Amino acid sequence: MAEVGLLPFARIALQVSRAVLPRYRSRFSKRQFTQPQLLAILCLMRYEDWTFREAEVRLSEHRELRQVLGLVSVPDFTTLYRFLQRLDDQTIDRAVGETVRRLRGSLRHGKKRARVAVDATGLAQGAVSTFFVRRMHHHGQKPLPWRHWLKWVVAVDLDQQFVLSQLARRGPWNDCANLPAVVEAASQQTRIGVVLADAEFDSERNHTYIRQRLGAQSVIPAKRGKKTWRVHGVRAEMRRAFPQRIYRRRALIESLFSSVKRKLSARAPGRSLPTQMRQALLLGLSFNLYRLKHRRLSQRMSTEPPCLKKSRIQVQGTRGHGRLSDLNEVPIRVAHVAP
């Protein structure tokens, strides 16, 4: 994470955690660590793909990180594990909503209807690489070490590339019936203009829900079933005149999955299914925090006056096809720009 360091990420994670969690769970708490501090540490674990023991070691070695989080002492790894067990999905959803509110509020077109895509991806249950699993299966002719994995279903804002809503469950599973719940949760965060999904979510019920309940356009290819089957309603319209140009942007959600797995983690570790599900939801929250801090850093990087930016754009626009007199005049305007 060279573009966003630990300290900026920990700072924004603590701010979001304070907005959704009280300081202490009850008046009988030990008051050694606050709930926002522990939630920010869990997000750091997902951001750097640490284990519980690694988080304890890293915090003990990083004095500046403890100062940013306001830690007087380092929490034990069992403290972090028990807090993860107590953490509920509603708290993570509120934290995701807080990141969406900050991301949408920082945009010029915050009131514009969002283009949303819904899709699912698989997360590994442990740290064993897929290459090792395939090699063991190929040479040893043994069955795979697991038959199930965790399936992470998300609704993504395609224009700004962040998670609007999410859910996790054990796979393999057909997620066609999960689309209304994910889209409904996303509609509570922002206004939706169009919903894009692949053929896994193809059903007349999903089209009806999106168009009548949300007032948005639904674009889902009607490929489920045989071609000889007679389809009616919106599915018949999708088969007759499919809006291929609008549907092309659905591929951007695959870019988000790639970014999450390359920059953060591709696994949801845990010995129990509820733990793995919370780890997947924390992964989506950590990615939104990463996007939020990355956006703020990119906005601060440019310190040029607007007039100089406009001059440079004019130079790039006239380069290669402009007149010779124009090319001679443009560099005079930007000659005083410091290298």
Side-chain angles (χ1 to χ4, degrees), residues 93 96-97 99-101 103-104 107-123 151-169 171-261 280 284 287-288 291:
D93 293 340
V96 172
T99 58
V100 172
R101 185 186 65 82
L103 284 165
R104 296 289 296 179
L107 301 175
R108 295 180 180 179
H109 306 285
K111 297 182 179 180
K112 184 180 178 181
R113 285 180 174 266
R115 284 181 287 188
V116 177
V118 180
D119 203 352
T121 186
L123 298 176
K151 206 167 186 182
W152 183 39
V153 186
V154 295
V156 175
D157 189 327
L158 294 178
D159 296 327
Q160 305 302 326
Q161 289 287 294
F162 56 81
V163 178
L164 292 173
S165 62
Q166 57 181 343
L167 61 89
R169 65 176 306 158
W173 192 269
N174 191 347
D175 296 302
C176 181
N178 294 328
L179 185 138
V182 178
V183 174
E184 176 67 24
S187 65
Q188 298 176 2
Q189 308 295 340
T190 183
R191 299 173 59 195
I192 298 178
V194 59
V195 177
L196 309 176
D198 58 5
E200 181 185 6
F201 302 92
D202 174 34
S203 71
E204 190 66 25
R205 180 181 178 183
N206 289 340
H207 283 288
T208 304
Y209 179 85
I210 295 172
R211 301 198 174 201
Q212 295 184 2
R213 182 68 179 273
L214 303 179
Q217 182 183 2
S218 59
V219 180
I220 305 174
K223 293 184 179 180
R224 298 185 66 183
K226 299 181 180 179
K227 294 183 179 180
T228 57
W229 289 4
R230 294 183 179 181
V231 295
H232 306 279
V234 184
R235 296 189 67 215
E237 178 184 350
M238 292 289 108
R239 179 176 292 185
R240 182 177 60 256
F242 185 72
Q244 187 66 35
R245 183 176 181 182
I246 302 177
Y247 186 72
R248 289 174 183 172
R249 296 192 62 85
R250 193 212 65 87
L252 293 177
I253 194 173
E254 305 295 343
S255 301
L256 184 138
F257 287 148
S258 176
S259 180
V260 170
K261 293 182 179 181
F287 181 76
N288 274 13
R291 290 288 299 155

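Everything numeric in this text was worked out from a predicted model, so none of it was measured.
- A distance of 9.0 Å separates CZ of Arg169 from NZ of Lys151, quoted to the nearest 0.5 Å.
- One finds the CG atom of Asp119 at 5.0 Å from the CZ atom of Arg250 (value rounded to the nearest 0.5 Å).
- Using a 4.5 Å heavy-atom cutoff, the side chains of Arg213 and Thr208 are not in contact.
- Remark: Asp157 CG to Arg104 CZ distance equals 5.5 Å, nearest 0.5 Å.
- The minimum heavy-atom distance between Val234 and Ser218, with the atom names listed, is CG1-OG, 4.5 Å.
- Within the 4.5 Å cutoff, no side-chain heavy atoms of Leu179 are placed close to those of Arg205.
- Contact check for Pro221 versus Arg239: no side-chain heavy atoms found under the 4.5 Å cut-off.
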Please walk me through it: do His207 and Ile220 pass side chain to side chain contact (heavy atoms under 4.5 Å, CB included)? CA-CA 8 Å; His207 283 288; Ile220 305 174; 3.7 Å; yes

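- Using a 4.5 Å cut-off on side-chain heavy atoms (C-beta onward), Val163 and Thr99 make no contact.
- Side-chain N or O atoms of Arg113 include one that pairs as donor or acceptor with a backbone N or O of Ile192 at under 3.5 Å.
- A donor-acceptor pair under 3.5 Å is formed between the side chain of Gln161 and the backbone N or O of Leu158.
- One finds the CG atom of Leu252 at 11.5 Å from the CD atom of Gln160 (value rounded to the nearest 0.5 Å).
- Note: Arg191 CZ to Leu214 CG = 12.0 Å, rounded to the nearest 0.5 Å.
- Side-chain contact between Cys176 and Asn206 is present, with at least one heavy-atom pair separated by less than 4.5 Å.
- Within the 4.5 Å cutoff, no side-chain heavy atoms of Val183 are placed close to those of Val116.
- Put simply, the side chain of Phe287 reaches to within 4.5 Å of the side chain of Ser259, judged on heavy atoms.
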Is there a salt bridge (charged side-chain N to carboxylate O under 4.0 Å, His left out) between Arg235 and Asp202 once you walk through the steps? CA-CA 8 Å; Arg235 296 189 67 215; Asp202 174 34; 2.7 Å; yes

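- Taking each heavy atom of Trp173 and Glu200 in turn, the nearest pair found is O-OE2, 3.7 Å.
- Relative orientation of the Phe257 and Trp152 rings is tilted, given thresholds of 30° and 60° on the angle between their planes.
- Proximity of a side-chain donor or acceptor of Ser258 to a complementary backbone N or O of Ser255 within less than 3.5 Å is not detected.
- A salt bridge links Asp159 with Arg249: at least one charged nitrogen is closer than 4.0 Å to a carboxylate oxygen.
- In this structure the side chain of Tyr247 reaches within 4.5 angstrom of the side chain of Asp198, judged on heavy atoms.
- Between Gly233 and Glu204, the shortest heavy-atom contact is CA-OE2, 3.6 Å.
- Remark: Leu103 CG to Thr190 OG1 distance equals 11.0 Å, nearest 0.5 Å.
- Residues Val219 and Met238 share a closest heavy-atom pair of CA-SD, 4.1 Å.
- Using modelled atom types, one side-chain atom of Ser165 and one backbone atom of Val182 make a donor-acceptor pair closer than 3.5 Å.
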